[in-house]
Amino acid sequence: MPVDYTNLAATIAALTAGETDTVALMATIACEVHHAGDRFDWTGFYRVTAPGLLKIGPYQGAHGCLTIAFSHGVCGACARSGEAQLVADVDAFPGHIACASSTRSELVLPVRDSTGTLIGVFDIDSDQPAAFSAADARDLEAILDQVFAGS
Ligand code: SME
């Protein structure tokens with residue numbers, strides 16, 4: 001089922017208008033994105049809580065691991081590089097952290113504040129192989145920038 005990212009961005013903008021609390025913003029985005037498509041089986045944030053360390057934030061789906069070092073996993077690769085990680089087959093990604101054995105593909109995006117500082121990563125897991133495209137990454141990054149970077 002394709003995602004209407006124009007409508008999703010408008011909905012999130014309306015729901016978060018005037019809000020500055022990061023947890024509230026993350027919770028809203030996790031909820032709206034998770035329910036926007038049938039490919040999204042785990043949708044949530046990992047926050048930068050110390051140098052080189054990610055801690056789980058608001059999410060939707062089964063329980064996720066609480067802590068991820070920048071040196072580990074797809075989330076760590078995104079945090080280290082500051083680049084989107086588009087993983088068509090998680091079994092082919094060295095060091096993938098399987099919070100659920102059903103996960104087949106994954107998309108992890110950097111989350112930056114208005115100063116450009118990395119404040120976390122946005123992680124979406126799918127039970128479908130190759131579930132995500134460069135267009136998903138582009139459009140979701142635009143939503144994250146709209147909410148957290150004010151752009
Ligand atoms: N798969 C992620 C870990 C987070 S769970 O998927 C929610 C990773 O490899 O970093």
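First listed ligand is number 1; within each ligand, the first listed atom is number 1. What you see is a predicted model; the values in this text were computed from it and never measured.
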Nearest-contact summary for atom 1 (N) of ligand 1 - protein heavy atom, Å: Ile97 O, 2.7 Å

Protein residue, atom and distance nearest to atom 8 (C) of ligand 1, heavy-atom basis: Val74 N, 3.3 Å

Check: Gln128 main-chain N/O paired with Ser105 side-chain donor or acceptor under 3.5 Å: yes

Asp136/Arg39 ion pair, N-O < 4.0 Å: yes

Under 4.0 Å to a heavy atom of His96 - the qualifying atoms of ligand 1, by number: 1 (N), 9 (O)

Contact atoms of ligand 1, heavy-atom distance to Glu106 under 4.0 Å: 1 (N), 2 (C), 6 (O), 8 (C)

Atom 5 (S) of ligand 1: nearest protein contact (heavy atom, Å): Cys99 SG, 2.6 Å

Heavy-atom nearest neighbour in the protein, as seen from atom 6 (O) of ligand 1, with distance rounded to 0.1 Å: Asp125 OD2, 2.7 Å

Pairwise distance OG1(Thr49) to CD1(Ile119) - rounded to 0.5 angstrom: 12.5 Å

Atoms of ligand 1, numbered as shown, that sit under 4.0 Å from any heavy atom of Tyr46: 4 (C), 7 (C)

Point-to-point distance, once rounded to the nearest 0.5 Å, from CG of Leu107 to CG of Leu109: 4.0 Å

Close-contact set for ligand 1 against Ile68 heavy atoms, below 4.0 Å: 3 (C), 4 (C), 10 (O)

Contact atoms of ligand 1, heavy-atom distance to Trp42 under 4.0 Å: 7 (C)

Nearest-contact summary for atom 4 (C) of ligand 1 - protein heavy atom, Å: Asp123 OD2, 3.4 Å

Could you tabulate the donor-acceptor pairs under 3.5 Å formed by side-chain atoms of residues 9-20, not counting sequence neighbours?
| from | atom 1 | to | atom 2 | distance (Å) |
| --- | --- | --- | --- | --- |
| Thr11 | OG1 | Asn7 | O | 3.0 |
| Thr16 | OG1 | Ile12 | O | 2.7 |
| Glu19 | OE2 | Asp21 | N | 2.8 |

Residue selection (non-hydrogen contact nearest atom 10 (O) of ligand 1) among Cys75, Gly44, Ala79: Cys75

Side chains of residues 55-75: which donor-acceptor pairs under 3.5 Å do they make with residues two or more places apart or in other chains?
| from | atom 1 | to | atom 2 | distance (Å) |
| --- | --- | --- | --- | --- |
| Lys55 | NZ | Thr67 | OG1 | 3.1 |
| Gln60 | OE1 | His35 | NE2 | 3.3 |

Heavy-atom side-chain proximity of Thr103 to Trp42 below 4.5 angstrom: no

Side chain proximity check, Val147 to Ile29, heavy atoms < 4.5 angstrom: yes

